[in-house]
*Asks:* 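Starting off with a structure, shown below.
Residues take their numbers from the sequence shown, with the count starting at 1. Fair warning: this is a prediction, and the values are worked out from it, not measured in the lab.
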Amino acid sequence: MDLKITVLGSGTSSGVPTIGCTCEVCRSTDPRDTRLRPSILIRHPDHNIVIDTTPDFRAQVLRAGIRRLDAIVYTHGHADHILGLDDVRPFNYHQGGRIPIYASRATFAIIERVFAYVFDNRERKTHVPQLDVNLIEDAPFDVLGLRFEPIPLTHGKDTIFGFRFGNVAYLTDHSEIPESSLDRLKGLDVLFLDALRRRPHPTHSTVEASIEIARRVQPARTYFTHMCHDLGHAATEASLPPGIFLAYDGLEIDVAS
Ligand SMILES: [Zn+2]
Ligand SMILES: [Zn+2]
Ligand SMILES: [Zn+2]
């Protein structure tokens with residue numbers, strides 16, 4: 001089944017440009033240097049599935065022209081991956097029905113705390129997101145006919161999920177990828193990897209480390225994401241080995257299977 005992926009955001013938690021910064025990348029006129037918070041849309045043929053709802057979710061949905069949302073899959077509960085959840089309400093009104101979300105127990109515990117008003121079942125005269133919660137574990141699950149395989153990732157002191165679906169893997173927010181997870185990444189057409197910057201960071205991968213991961217996994221194409229303002233698009237991409245690219249907001253990738 002063919003998939004179309006749209007990169008909704010390729011930036012790190014603070015986005016690029018970064019508030020208050022006047023560095024060369026934050027002042028760049030190259031549209032690929034404007035990065036909203038990290039998320040992708042998967043169109044599978046008639047269904048729209050997003051991975052994560054960032055603080056930029058509303059702007060991302062409008063920019064990408066997404067008129068219907070069929071499911072949300074969460075990687076983890078950090079603010080840059082969940083804070084746009086309230087903006088699913090217009091999808092509830094327009095398309096009717098609840099929207100299924102998929103999250104690990106630990107991730108859902110954060111979502112439930114941050115968005116307590118969504119889950120308190122109180123009678124109210126205003127609308128809150130209407131969601132069906134599906135708790136996931138480290139086992140494959142089906143989202144509207146598309147099989148997702150969680151890929152455990154080390155993100156600082158936490159273990160979070162990346163996902164493989166078809167011959168695509170979306171791995172954002174990793175400081176390390178366990179060997180047992182690398183074993184699940186054979187035969188990929190497209191691999192997304194975290195590449196925050198060149199300097200080491202306690203919870204994120206670097207350009208060098210992710211080049212090494214791509215070299216080991218050997219996908220047909222690798223795209224780096226979750227990038228900060230240290231990495232100007234054109235200059236950084238020109239320095240990468242063949243087959244490795246920087247993702248950018250609005251990038252569309254067709255994947256045949
Ligand atoms: Zn993040
Ligand atoms: Zn900057
Ligand atoms: Zn994170």
*Asks:* Might you point out which heavy atoms bring M227 and A195 nearest each other, and give the distance in Å?
*Replies:* CG-O, 3.2 Å
*Asks:* Just to verify, which of S175, S180, S181 counts as forming a side-chain contact (heavy atoms from CB on, under 4.5 Å) with I177?
*Replies:* S181
*Asks:* Does R98 pair with D132 as a salt bridge, N-O distance under 4.0 Å?
*Replies:* yes
*Asks:* Which pair of heavy atoms, one from L246 and one from G232, lies closest together, and at what distance?
*Replies:* CD1-O, 4.3 Å
*Asks:* Just one of T107, D52, T53 clears the side-chain hydrogen bond (donor to acceptor under 3.5 Å, both in side chains) bar with Y74, so which one?
*Replies:*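 Single side-chain hydrogen bond (donor to acceptor under 3.5 Å, both in side chains) partner of Y74 among T107, D52, T53: T53.
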*Asks:* With rounding to the nearest 0.5 Å, note down the distance linking CZ in R27 to SG in C21.
*Replies:*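 R27 atom CZ to C21 atom SG measures 9.0 Å (nearest 0.5 Å).
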*Asks:* To the nearest 0.5 Å, what is the distance between CZ on R164 and CD on E149?
*Replies:*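 Here the rounded value is 6.5 Å.
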*Asks:* Would you call the rings of H76 and H155 parallel, tilted or perpendicular, taking 30° and 60° as the class edges?
*Replies:*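 The rings of H76 and H155 stand perpendicular, inter-plane angle above 60°.
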*Asks:* Does a sphere of radius 6.0 Å around CD in E212 hold more than 12 heavy atoms from other residues, nucleotides or ligands, not counting ones at 6.0 Å or beyond?
*Replies:* yes
*Asks:* With a cut-off of 6.0 Å (strictly less than), are more than 12 heavy atoms of other residues, nucleotides or ligands near CD of Q218?
*Replies:* yes
*Asks:* Does R43 CZ have over 12 foreign heavy atoms under 6.0 Å away?
*Replies:*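 More than 12 within 6.0 Å, yes.
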*Asks:* Drop me the distance from S205's OG to D194's CG, to the nearest 0.5 angstrom.
*Replies:* 5.5 Å
*Asks:* Working to the nearest 0.5 angstrom, can you tell me the gap between T225 OG1 and Y223 OH?
*Replies:*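 Going from OG1 on T225 over to OH on Y223, the span is 12.0 Å.
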*Asks:* I'd like to check the ring-ring contact (aromatic ring centres under 6.0 Å, His included) partners of H174; sequence neighbours left out, ordered by chain and number.
*Replies:*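 Testing H174 for ring-ring contact (aromatic ring centres under 6.0 Å, His included), a comparison that skips the adjacent residues, returns none.
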*Asks:* Working note: H226 + D173, criterion side chain to side chain donor-acceptor pair (under 3.5 Å); need CA distance, chi angles, decisive distance, verdict.
*Replies:* CA-CA 7 Å; H226 214 299; D173 296 68; 3.1 Å; yes
*Asks:* Are any side-chain N or O atoms of N92 and backbone N or O atoms of G97, one a donor and one an acceptor, separated by less than 3.5 Å?
*Replies:*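 The answer is yes, because a donor-acceptor pair under 3.5 Å joins these two groups.
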*Asks:* Which residue is it: L182, T75, L171? I am looking for the one with a side-chain contact (heavy atoms from CB on, under 4.5 Å) to I151.
*Replies:* L171
*Asks:* Would you call R35-D249 a salt bridge at under 4.0 Å N-O?
*Replies:*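 So R35 does not pair with D249 through a salt bridge.
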*Asks:* Regarding E112 and R105, does a basic nitrogen lie under 4.0 Å from an acidic carboxylate oxygen?
*Replies:*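 No, this pair does not count.
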*Asks:* Are the charged groups of D56 and R37 less than 4.0 angstrom apart, N to O?
*Replies:* yes
*Asks:* Determine the minimum heavy-atom distance between L144 and A71, stating which atoms define it.
*Replies:*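 Smallest heavy-atom distance, with atoms named: CD1-CB, 4.0 Å.
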*Asks:* Using 0.5 Å steps for rounding, measure from the OH atom of Y248 to the CD atom of E237.
*Replies:* 8.5 Å
*Asks:* Check the surroundings of atom CG in L62: do more than 12 heavy atoms from other residues, nucleotides or ligands lie under 6.0 Å from it?
*Replies:* yes
*Asks:* Counting only heavy atoms not in R122 (residues, nucleotides, ligands), do more than 12 fall under 6.0 Å from its CZ?
*Replies:* no
*Asks:* From D2 CG over to D254 CG, what is the distance, rounded to the nearest 0.5 angstrom?
*Replies:* 7.5 Å
*Asks:* Ring centres under 6.0 Å, that's the criterion: do F165 and F141 meet it?
*Replies:*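 No, the ring centres sit 6.0 Å or more apart.
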*Asks:* When you measure from the side chain of R184 to the backbone of P150, do you find a donor-acceptor pair of N or O atoms at a distance under 3.5 Å?
*Replies:* yes
*Asks:* Under a 4.0 Å threshold between the charged nitrogen and the carboxylate oxygen, would R68 count as salt-bridged to D70?
*Replies:*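 Here D70 pairs with R68 in a salt bridge, since their nearest N and O are under 4.0 Å apart.
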*Asks:* If you measure from the Lys or Arg side-chain nitrogens to the Asp or Glu carboxylate oxygens, is any gap between D189 and R221 under 4.0 Å?
*Replies:* yes
